[in-house]
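First the structure, in the form of structure tokens, and then the observations on it.
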Number of protein chains: 2
Amino acid sequence: MDQLLANIKIQVNEKIYVKDPESTTLGRKIIKHSLIIMDEIGFDNFTFKKLGERIGSNESSIYRYFENKHKLLVYFSSWYWSWIEYKMVFATANIAAPLDQLLKALELVTEKIEDDLNTPYLNEALLNKIIIAEFTKTFLTKEVDEENKEGFFLIYKRVISRMVGMVVMIDPEYPFPKSLISSIVEGALHQHFLKDHFKTITDCNENTSPTAYYTDLIQRILSPKS
Amino acid sequence: MDQLLANIKIQVNEKIYVKDPESTTLGRKIIKHSLIIMDEIGFDNFTFKKLGERIGSNESSIYRYFENKHKLLVYFSSWYWSWIEYKMVFATANIAAPLDQLLKALELVTEKIEDDLNTPYLNEALLNKIIIAEFTKTFLTKEVDEENKEGFFLIYKRVISRMVGMVVMIDPEYPFPKSLISSIVEGALHQHFLKDHFKTITDCNENTSPTAYYTDLIQRILSPKS
DNA sequence: TATTTATGATAGTAATACTATTACATTTGC
DNA sequence: GCAAATGTAATAGTATTACTATCATAAATA
């Protein structure tokens, strides 16, 4: 798995960037340090000027890669879900039982991520933190419908659809497979946020993970009727 | 219920505003037209200058009521959850069975809201739309911990805690009551968003509401073990 | 070696997000 | 009825943001 990841390139919709940041040194520097700065000061306070200062590059050079910081965030989320999808396909490929497939997939979308050392310019653990804190901002905009048409959220929706397929195999009678999965994928990010900031309204903490909560939930909802 | 609402004033933490907008004509105009403009152009594109132009008032006059637009959004969300809490307390007061209480409360937090005519300067249906589109932005900020300490999110957390109490009464053995409710309250807003923008990953539409999905979910999870 | 490509440096604009000051109008308290 | 307090408008000004444009130069490549 780790080695496989070293040999593939995560695909991101070309309309998201002006110039592929993975193709040059400066591009990879932009990716790497954007994540670090966004983690430090948050997406809202992040600017291309600050990034330029940090990497010793000109603001205008950064605009050659991304139109604006919104697109950069969309790039990160697209990369993230593409990476999750890749891991999901491989991790579930040789599992026969749909319920076991689903539990494996669930683990991937709900767990806390650790850095994958195959991509030195992109720290996945940091990316996961950014996704938890900022992902909803990619689509909670007035431009969401246009950007959706452009395919900016395709991979995210495909990850959900894969899991929906598993649910349908497990229980074809269950009436809300799509809402179940979309609320789990979004909800897992939210539970991670809550355990760090609003501890009083979550059961998740160092000992109990969002994975545990959702694994239990899935089993209660989809367990075969007796 | 409707008459009761006419006679009470929704309480909002005083630290959120500079001057209580419900106390003056200009303040109420700010509330009313902010909602309209935010609905039209979204929170991100909303500015106090645009609001000032719309209501024929000076930008600086608006700053006498709210420090910045973030605080205005926090005000709206605080008002919203306070209003939901009020309705919840009354609607569940004379229900004996905890499960029925919970289902009633669930309905309140998941349904689409219609305007309550007792507050002419605040259109609740519009407020509900703003909350669906913008609520998460109130806490997905770098300042969330400080603002949480100031009590900006108290009412939201209290609404969740009330429902958690009901879950505990229904099934004291259930291990994740807080995560269940916090994910439902957040998730319901998300499902409303999905049915308007990402239809392929939700089962909710004109015929099936988020309320239906979550009512079914609650019953599957908390139904007495046979 | 010529030429494309990438980056850097500089400059500039319009909008945003405020703050401060002053003048005046209106309400309210006594 | 008058003084004091409060509310609003107008104006000005600042720092930052979010870009765009141009030109020079360095590096890669054909």
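In what follows, chains carry the letters A, B, and so on, assigned in the order in which the sequence lines appear, proteins first and then strands, with residues in each chain numbered from 1.
Within the structure, salt bridge (charged side-chain N to carboxylate O under 4.0 Å, His left out) pairs that include any residue of residues 26-52 of chain A comprise A/Asp39-A/Lys129, A/Glu40-A/Arg54, A/Asp44-A/Lys137 (at least two apart or interchain). Sorted pairs that involve residues 187-214 of chain B and meet salt bridge (charged side-chain N to carboxylate O under 4.0 Å, His left out), not counting sequence neighbours, are lacking altogether.
In this view, B/Phe152 satisfies the ring-ring contact (aromatic ring centres under 6.0 Å, His included) rule with no residue, not counting sequence neighbours. Scanning for side chain to side chain contact (heavy atoms under 4.5 Å, CB included) contacts around B/Ala133 gives an empty result, with sequence neighbours left out. In this view, B/Asn148 and A/Phe198, B/Phe153, B/Lys157 satisfy the side chain to side chain contact (heavy atoms under 4.5 Å, CB included) rule, not counting sequence neighbours. When the side chain to side chain contact (heavy atoms under 4.5 Å, CB included) test is applied to A/Ser209, the partners found at least two apart in sequence or on another chain are A/Thr211, A/Ala212. When the side chain to side chain contact (heavy atoms under 4.5 Å, CB included) test is applied to B/Lys104, the partners found at least two apart in sequence or on another chain are B/Ala91, B/Thr92, B/Ile95, B/Glu107.
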Please test B/Ser183 against A/Tyr213 for side-chain hydrogen bond (donor to acceptor under 3.5 Å, both in side chains), starting from the C-alpha separation and ending with a verdict.
CA-CA 11 Å; B/Ser183 66; A/Tyr213 160 57; 2.8 Å; yes
From CA spacing to verdict: ring pair (Phe, Tyr, Trp, His ring centres under 6.0 Å), B/Trp79, B/Tyr17:
CA-CA 12 Å; B/Trp79 200 100; B/Tyr17 49 75; over 10 Å; no
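With the end axes of the helix from C/dT1-D/dA30 to C/dC30-D/dG1 each set by five pairs, the angle from one to the other reads 20° at 10° resolution.
Between A/Lys112 and A/Asn128, the closest side-chain pair of non-hydrogen atoms falls below 4.5 Å.
Using a 4.0 Å heavy-atom criterion, one finds that B/Thr47 contacts the sugar-phosphate atoms exclusively. As judged by a 4.0 angstrom heavy-atom cut-off over every strand, A/Tyr65 is placed among residues touching the sugar-phosphate backbone only.
Using cut-offs of 30° and 60° on the angle between ring planes, the pair A/Phe135 and A/Phe139 is perpendicular. Using bins of under 30°, 30° to 60° and over 60° for the plane-to-plane angle, the ring pair B/Phe46/B/Phe48 lands in the perpendicular bin.
Distance, A/Glu59 CD to D/dC19 P: 9 Å, rounded to whole Å. Nucleotide D/dA9 holds its C1' atom 17 Å from the CZ atom of B/Phe48, rounded to whole Å. Between the CG atom of A/Leu72 and the C1' atom of D/dA18 there is a distance of 14 Å, rounded to whole Å. Atom-to-atom, CG of A/Leu51 to P of D/dT16 comes out at 18 Å; the value is rounded to the nearest Å. In this structure, NZ of B/Lys49 is placed 13 Å from P of D/dA12, rounded to the nearest angstrom.
Under the 3.5 Å distance criterion, with hydrogens and angles disregarded, no donor-acceptor pair is assigned to the side chains of B/Tyr156 and B/Thr138.
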Please output the side-chain donor-acceptor pairs of residues 71-78 of chain B that fall under 3.5 Å, not counting sequence neighbours, one pair per line with the distance.
residue: B/Lys71; atom: NZ; partner: B/Glu67; partner atom: OE2; Å: 2.8
residue: B/Ser77; atom: OG; partner: B/Val74; partner atom: O; Å: 3.2

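Of the side-chain N and O atoms in B/Ser61, one or more sit less than 4.0 angstrom from OP1 or OP2 of D/dA9.
The A/Asn68 side chain lies nearest to D/dC19 when the options are D/dC19, D/dG7, D/dT17.
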With B for base contact, S for sugar-phosphate-only contact and - for none (protein heavy atoms under 4.0 Å), nucleotides 21-30 of chain D reads B---------
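Shown for residues 24-44 of chain B: no residue has heavy atoms falling under 4.0 angstrom of DNA chain C.
The nucleotide range of DNA chain C contacted by chain A, defined by atoms under 4.0 angstrom from heavy atoms of the protein and reported 5' to 3', is C/dA6 to C/dT10.
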